[in-house]
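Here the structure is a predicted model, which means the values were calculated and not measured. Every chain is numbered from 1 and lettered A, B, ... according to where its sequence line falls, protein lines coming before strand lines.
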Amino acid sequence: MNLNIMVGGEAGQGVQSVGFLLAKAFARGGYHVFADQDYESRVRGGHNFYRVRISDSKVGAITETVDILLALNNESISLHAEKMTDSGVIVFNGGEGQEIQNTGNLLNAPLEALSIEQAGSKLMANTVAFGVAMGLIHYEQKIIKEVLQEHFGTDEIGEKNVVAAISGYDYAIRKFNGEFGSILNSIGDGNKMLLNGNEAIALGAIAAGCTFMAAYPMTPASSIMEYLAGKSEELGLVVIQPEDEISAINMAIGAAFAGTRAMTATSGGGFCLMVEGLGLAGMTETPLVVVDAQRPGPAIGLATRTEQSDLQFAIHASHGEFPRVVLAPANVEEAFWLSVKAFNLADKYQLPVILLTDQHLASSYSTVDKFDLSQVSIDRGLLYEEDQATSMEVYNQHKITHSGISPRAWPLPDHALVVTDSHEHDEEGHLTEDANTRTRMMLKRLRKSESLQEEIASPHVYGPDKAEITLIGWGSTYGALRETVDILGGRGVDINLIHFSEIWPFPIQTVPELLNNTKQSYVVENNATGQLAQLIRSETGIKITSSILKFDGRPFTPSYIIEKLKEEGI
Amino acid sequence: MNLNIMVGGEAGQGVQSVGFLLAKAFARGGYHVFADQDYESRVRGGHNFYRVRISDSKVGAITETVDILLALNNESISLHAEKMTDSGVIVFNGGEGQEIQNTGNLLNAPLEALSIEQAGSKLMANTVAFGVAMGLIHYEQKIIKEVLQEHFGTDEIGEKNVVAAISGYDYAIRKFNGEFGSILNSIGDGNKMLLNGNEAIALGAIAAGCTFMAAYPMTPASSIMEYLAGKSEELGLVVIQPEDEISAINMAIGAAFAGTRAMTATSGGGFCLMVEGLGLAGMTETPLVVVDAQRPGPAIGLATRTEQSDLQFAIHASHGEFPRVVLAPANVEEAFWLSVKAFNLADKYQLPVILLTDQHLASSYSTVDKFDLSQVSIDRGLLYEEDQATSMEVYNQHKITHSGISPRAWPLPDHALVVTDSHEHDEEGHLTEDANTRTRMMLKRLRKSESLQEEIASPHVYGPDKAEITLIGWGSTYGALRETVDILGGRGVDINLIHFSEIWPFPIQTVPELLNNTKQSYVVENNATGQLAQLIRSETGIKITSSILKFDGRPFTPSYIIEKLKEEGI
Amino acid sequence: MIQLADYTGATPAWCPGCGNFGILTALNNALVALEIEPNKVLMVSGIGQAAKLPHYTRGNILNSLHGRALPPAIGAKIANPELTVIAVGGDGDGYGEGANHFINAIRRNHDITYLVHNNQVYGLTKGQASPTSDFGFITKTTPHGADIPLNPIALAVAANGTFVARSFAGDIDHLSQLIIKGIQHRGFALLDILQPCVSFNHKNTYSWYRERVYDLDLNGHNPENKADAFAKSQEWEESIPIGLIYREDRATYEERLPALKRGALVQREFDPMHAEKLLNRFL
Amino acid sequence: MIQLADYTGATPAWCPGCGNFGILTALNNALVALEIEPNKVLMVSGIGQAAKLPHYTRGNILNSLHGRALPPAIGAKIANPELTVIAVGGDGDGYGEGANHFINAIRRNHDITYLVHNNQVYGLTKGQASPTSDFGFITKTTPHGADIPLNPIALAVAANGTFVARSFAGDIDHLSQLIIKGIQHRGFALLDILQPCVSFNHKNTYSWYRERVYDLDLNGHNPENKADAFAKSQEWEESIPIGLIYREDRATYEERLPALKRGALVQREFDPMHAEKLLNRFL
Ligand SMILES: Cc1ncc(C[n+]2csc(CCOP(=O)(O)OP(=O)(O)O)c2C)c(N)n1
Ligand SMILES: Cc1ncc(C[n+]2csc(CCOP(=O)(O)OP(=O)(O)O)c2C)c(N)n1
Ligand code: SF4
Ligand code: SF4
Ligand SMILES: [Mg+2]
Ligand SMILES: [Mg+2]
């Protein structure tokens, strides 16, 4: 079972809120939901849409067809009518003088009129539309009310929204005279979480004990800091919005040096400004978590859209050489768990960890089973055990060890002095010009990659172990790729997927064997140059000659991938 | 014939000036000279040295042995005595109470005393030392005077220096009673230029018609801006030192957009701050030349030393994807010619060009034949021909063409309007959210790499076309690698060199064949991870398994490389 | 004759009622009044709602990075001083990300006019605090209220500005006159423009500003006196002075450059042989 | 008892006669006088000659990037307000590369003491102009003379500083007393320290400064008056006021943070289960 609802309209018409309400209502009813947002870099006007996909089994991608289109303006009809399924219904705000008749699969709903009539203002036209959609499928009114009250509160505004929605609901039941197949009831206890990638990362950070974030707003990363800032008082954590990204990363480094778990988050342009700081974390061996929520570049690019084009940059960012970790969560669930892992690896190996997400993951909503917090472990790494608590001696913050990891301490009254430096330094952290110390320190730091390597999970393999066709992807495309395998597999194509979520250090122990097992493989990447393919080649020598690349700022859908494979004769 | 003179002492003792005077005197005498500097990140004290290598045939590297050591302080003796050749002479500032006797190959020269006696101050002790070295080899006094007067002027200060030097000269002739084989006379008309890599780049920029530079001081890049600033009035060019590197690169972009040839220069840390601007040049297709004079990283690293560790960063710097050029001059001569080429490629392809040098190239002096300026051509690329000069219409700054190159214009009164944007834009340069335009613009920009590819020279091959042993290098290590091939080749080893100066776009047409021709090959890089080897693998799939890496901030010498090869049984 | 029609660009993507419309109108009026042709104008903008302005009028345009309106504007002005260079951006853009460029452009006195649409909030990224958000202003990133704001007028006076002015997007005539003066000013002209953001700033609204602004011209203020200017910069909450707050006469950066004495860089001839005399000095 | 010996670090790599020695002595004296133990101090520095200072005394040290003394100092102070956090750097470091952090740290009033060794030149990189180089100062990068300088005192006053002071490296007692006051001040304390650079600044020498500096304390200056403070910030060339120029009492950034009410971040317990109540809100 699969139902796709789209809400379209101008920025400012409340598209986002209807979309979220729909997703929430179905999640509450026990369904699996996946919802993405397509919006322009403006606050009013233009054209935005929200797609909500509802299913009784797991979904991790959107589809291009639409069963119900809530067209908050008429432009939405002209833009999306072609995507309608045969039995699909277009709900539009007709009113007086509206040309399109309420016939067939068009439902002329007086959204604004009902809003004014029921709630005294046309501001709730979008909530009316939500109600119409719910009415079309006869969904439980109890859930509708619950969800509206959670969203708008139980006071007057909440009540008005309920009334507006119910008026839409009733209107649909009364007036819709076309064919619409789906009548949906809730199917479970609704015990799934509905959240987006940014929220999952923020929750991961909270679970991991991050108490300090410094960040400068940048789409699509901003909502991580906004979520954390909203919880700062409740949880006692600090979120600071400084003058720029340079300040943000360096503040986080200071806070981490002082002993907290600290992070920053940005998108590519802001990440550019952070790369010198990244090197500072590398040189001073300061644990740090940096989120780069990618969007199409170069430069400002397409500010509100999606792309996977910072992979090579993230791996090579900053001058000089130092170990780092790059994790690219495949979905909302991994966003949470890799956020936790990022903090643990940062502490354990005393280095910067980059969480590489993108707009598609950051702002798409997905249902997941509630994260089991008892599975979250905190590993702060090797800590310095003080023999003389009040020594005031300088301890060796950068002690040269076999593993490259030095027992860690941070400045505390009555503890040893902690010293570090952006210059090459000796074990105590004081600057040095000595050639031999330099070489040993470089080797010490780089040595950390060896044990780090073992922390990196092997890519996911989905579908048969061996197949005629192998798709290779990374990060947020996982859902679309999995579904592609499901669909084509279901049609008898021998196909599987190798998907990377933990990319750097490159999982060299397993990847060569995995790839040598493949026959015809395609990298599928949301970029123009096939960066994962380049990386695979430089790390393994294996050349993936075929690729499906998309770099128009829009996410992949299974049908797009299938279409491209069809062009290749598959 | 080969003579190696080293000057050692504290910062502030005038090591640099003696070193330069020596290099200049021999260059004037028709010799080939190569001179490098080893100094600490401080203004007074510590230990610095300058090595001058003199030969009657081309030299491109230093050697580790020393024939004459001018020890301006006693620490220089303890640090460098072991490098002396059998017949080598250590000149030291003995004076009263000095333990070391003037016997054997030690020459106790009262440098300070002579300076006070002859010039009325001990400030010229270093010039006395210069004179002593010249006296030891009976070099022409005419050249000595010439060089001193050019350096210090012909007024009183110049005269005093001449007197000081001659007193040292005479002292050496009178007092040296050890064995010192070399008696040198000038051997030619001295028609060679003596300059360092930074000066060569600055001259290349001037020859190429660059009139605008914005840069923030950073070792080892600063002297490029200092040279250009010194010539700003004479040549009518502008050098501005703004508040930071972000401003520097963006100013240069503005000046280039306005139609001039513009550049900036920095080292790794400053380059980090420039990468967002690099992407702006990529997106707006603004021609731009950026010098990254590498030094050891990460972070501040070793501020005055050398490394080749920004290669992968330079190729991947900035988020998103856009074409760029990375050139890494092999020596002073190439520094000039690739600087010219950088400006031509930047204009022709309307993109950023990175000149990747390092401290070793930037501040080592080398003799070269005078650059033949008649060979310098200026190619400003495809320019927009206006039909209506006063139209005030917006012309298509980003016209989509087959080559990806759009005819260029810049804002001029009575010309068409020029519009560009850091957002994805249409042909006119106005921002767009359209998926199709986005895809076409990305492809347009990336298409430029195709013809660009043909501009990139194949790596240098030195020695036999095919050999048992192949060394592979890039950038400033060329001299040391060539000499290694010469020496080992002379000893009967079948060895050659493949050396990259033009690295990106990767010279894919020729490299695979070159490399497939090799048997046992070694990448030799001044870094810890073998970045060229990684790049070769990602571009060609060929894995170079052996490497000689050095990352202690000091440059390669032929003997170091030979030593390492010996450890490998060669 | 230059007419308003010459300055008609794309349809603004701003919210209906946004203060940016007034600024756009005032700028177009000023350019028409000054009889400057669009192709003699270069507009350089950063990123934000304000920074989209150039696309909505006409001229040469370089829409640059967030916080970076000034550096490219400076580079272009030096390269070609014949262009009337106008830099445009928001408060986050110019006083946040780009504040270092701001202070230094002022002290170097580049001959540029800088319009800052100061809506005291980050508009384009949907309502976070800006450096000029009033003390205690609550946003998603400042749930316990914004800090003491940055005072652009006081900073510009302290940074040795030569033309420091404030206007209000709700008073198009006033703003237009001030833009004219700013463009005519030899040197860096800062126009801090109070700009209501109807979507995200519900404190500093049209009426909030209207109740407070008063015209310095009608008030006998002497813009040549720095102490008075500094004093005026300290007024806010109760009453807000608009108009020319400080002015002084000082050589511009471009005037001080010996290199520009021989004409615009962009018009120089290319002749590699010019380097010959330099090469000889290395022999 | 804390003694000077507790504050003996590595041998300075500065030039003999450099003004930095006086600053180092004054700082050590101040820390001893305040009876602060080295392990309660965190020194964060940028890059430059000045920024090497922490290595030459003792304490916890984070020697950061050029221009970035303040951001990590702020991060560390928020993480652990029990540390006495002292940021150190040069004029290029703090007023050039890092000027945006400077202004914003001031307005947010972080509880940090900031020592700026203002030698009006870039020392470590060998003598280029700095933002505070005097007008007309000739260096390799400013062959036709530096621009109008940036005025750190005026900017700090304009940026709503709560402790704005100037001292002179040649007057160790004065400086030491002022550092004591700065450390005791609740909030951001700026100490702009006139520091002779004997290698690269042959204009602003010990004697040049000595002939001009005068102590505000002996002059009846009222540091609580902003207009007076601004007026004092305008004195230079002829006479240079040293001492506390401006002071006000305002909540620090850290005091305003609700999160810090429950103790230092660095002392929080780790308990993933704390997130449980948040997860439930997504159900
Ligand atoms: C380096 C960088 N950081 C952050 C952003 C995201 N960003 C775009 S506009 C903006 C703020 C806009 O505020 P303001 O300058 O006040 O302009 P307004 O929209 O209010 O007119 C931000 C933070 C960016 N594009 N680049
Ligand atoms: C990002 C970056 N840019 C430039 C430099 C080079 N640099 C090091 S110190 C310095 C200037 C030092 O001047 P100042 O801060 O005044 O300190 P001083 O040496 O005079 O005490 C510069 C430009 C750097 N290390 N990093
Ligand atoms: S968000 Fe504010 S500033 Fe932006 S267009 Fe809307 S009203 Fe104007
Ligand atoms: S160069 Fe100047 S600031 Fe640096 S140590 Fe020497 S005298 Fe001091
Ligand atoms: Mg704003
Ligand atoms: Mg300085």
*Asks:* Taking atom CD as the centre, does Q16(B) end up with more than 12 heavy-atom neighbours from other residues, nucleotides or ligands that are less than 6.0 angstrom away?
*Replies:*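 Open.
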*Asks:* Report the option among Q241(B), E243(B), E40(B) that has the most heavy-atom pairs separated by less than 4.5 Å from atoms of chain D.
*Replies:*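 Ranked by heavy-atom pairs under 4.5 Å with chain D, first place is Q241(B).
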*Asks:* Rounded to the nearest 0.5 Å, how far does CD of E245(B) lie from NE2 of H66(D)?
*Replies:*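 Interatomic distance, H66(D) NE2 to E245(B) CD, rounded to 0.5 Å: 7.0 Å.
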*Asks:* If you compare all heavy atoms of Y216(B) against all heavy atoms of G92(D), which two are closest, and at what distance to 0.1 Å?
*Replies:*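 Here Y216(B) and G92(D) meet closest at OH-O, 3.7 Å.
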*Asks:* Where is the tightest heavy-atom contact between R44(B) and C15(D), given as atom of each residue plus distance?
*Replies:*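 Closest approach of R44(B) to C15(D): CG-SG, 3.1 Å.
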*Asks:* Atom CD of residue position E233(B) - does it have more than 12 heavy atoms of other residues, nucleotides or ligands inside 6.0 Å?
*Replies:*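 For E233(B), atom CD is not crowded (no more than 12 foreign heavy atoms under 6.0 Å).
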*Asks:* Under 4.5 Å heavy-atom distance to chain D, tell me which part of I246(B) shows up: side chain, backbone, both or neither.
*Replies:*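 Neither part.
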*Asks:* Do K140(D) and M225(B) come close enough that some side-chain heavy atom pair is under 4.5 Å?
*Replies:*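 When only atoms from C-beta onward are counted, M225(B) and K140(D) do not touch, as no gap falls below 4.5 Å.
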*Asks:* Using heavy-atom distances under 4.5 Å, tell me whether S64(D) contacts chain B through its side chain, its backbone, both, or neither.
*Replies:*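 For S64(D), the backbone is the part near chain B, not the side chain.
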*Asks:* For a 4.5 angstrom cut-off between non-hydrogen side-chain atoms, does S222(B) reach Q128(D)?
*Replies:*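 Sidechains of Q128(D) and S222(B): in contact.
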*Asks:* Determine the minimum heavy-atom distance between S41(B) and K52(D), stating which atoms define it.
*Replies:*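 Closest approach of S41(B) to K52(D), heavy atoms only: O-NZ, 2.8 Å.
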*Asks:* Would you mind checking which part of A99(D) comes under 4.5 Å of any heavy atom in chain B, side chain (CB onward), backbone (N, CA, C, O), both or neither?
*Replies:*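 Neither; nothing under 4.5 Å.
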*Asks:* Please give me the minimum heavy-atom distance between G123(D) and V43(B), naming the atom from each residue.
*Replies:*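 For G123(D) versus V43(B), the nearest heavy atoms are O-CG2, 3.8 Å.
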*Asks:* Is it true that, when you exclude K122(B) itself, more than 12 heavy atoms of the residues, nucleotides or ligands shown sit nearer than 6.0 Å to its NZ?
*Replies:*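 No.
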*Asks:* Taking the side chain as every heavy atom from C-beta outward, state whether V239(B) and T141(D) have any pair of such atoms under 4.5 Å apart.
*Replies:*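 Result no, sub-4.5 Å side-chain heavy-atom pair not found.
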*Asks:* Let me confirm one number: the CD-OG1 distance from E226(B) to T125(D), rounded to the nearest 0.5 Å.
*Replies:*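 If I round to the nearest 0.5 Å, the distance is 8.0 Å.
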*Asks:* Report, as yes or no, whether the 6.0 Å neighbourhood of atom CD1 on I157(B) holds more than 12 heavy atoms from other residues, nucleotides or ligands.
*Replies:*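 No, CD1 of I157(B) has 12 or fewer neighbouring heavy atoms, counting only those of other groups under 6.0 Å.
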*Asks:* Against chain B, label P143(D) side chain, backbone, both or neither, depending on which of its atoms sit under 4.5 Å from a heavy atom there.
*Replies:*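 When you check distances to chain B, only side chain atoms of P143(D) fall under 4.5 Å.
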*Asks:* For F200(D), is it the side chain, the backbone, both or neither that has a heavy atom under 4.5 Å from a heavy atom of chain B?
*Replies:*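 Side chain of F200(D) only, per the 4.5 Å heavy-atom cut-off to chain B.
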*Asks:* Step through the shown structure and confirm whether more than 12 heavy atoms of other residues, nucleotides or ligands are within 6.0 Å of CD on E237(D).
*Replies:*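 Check passes, neighbour count above 12.
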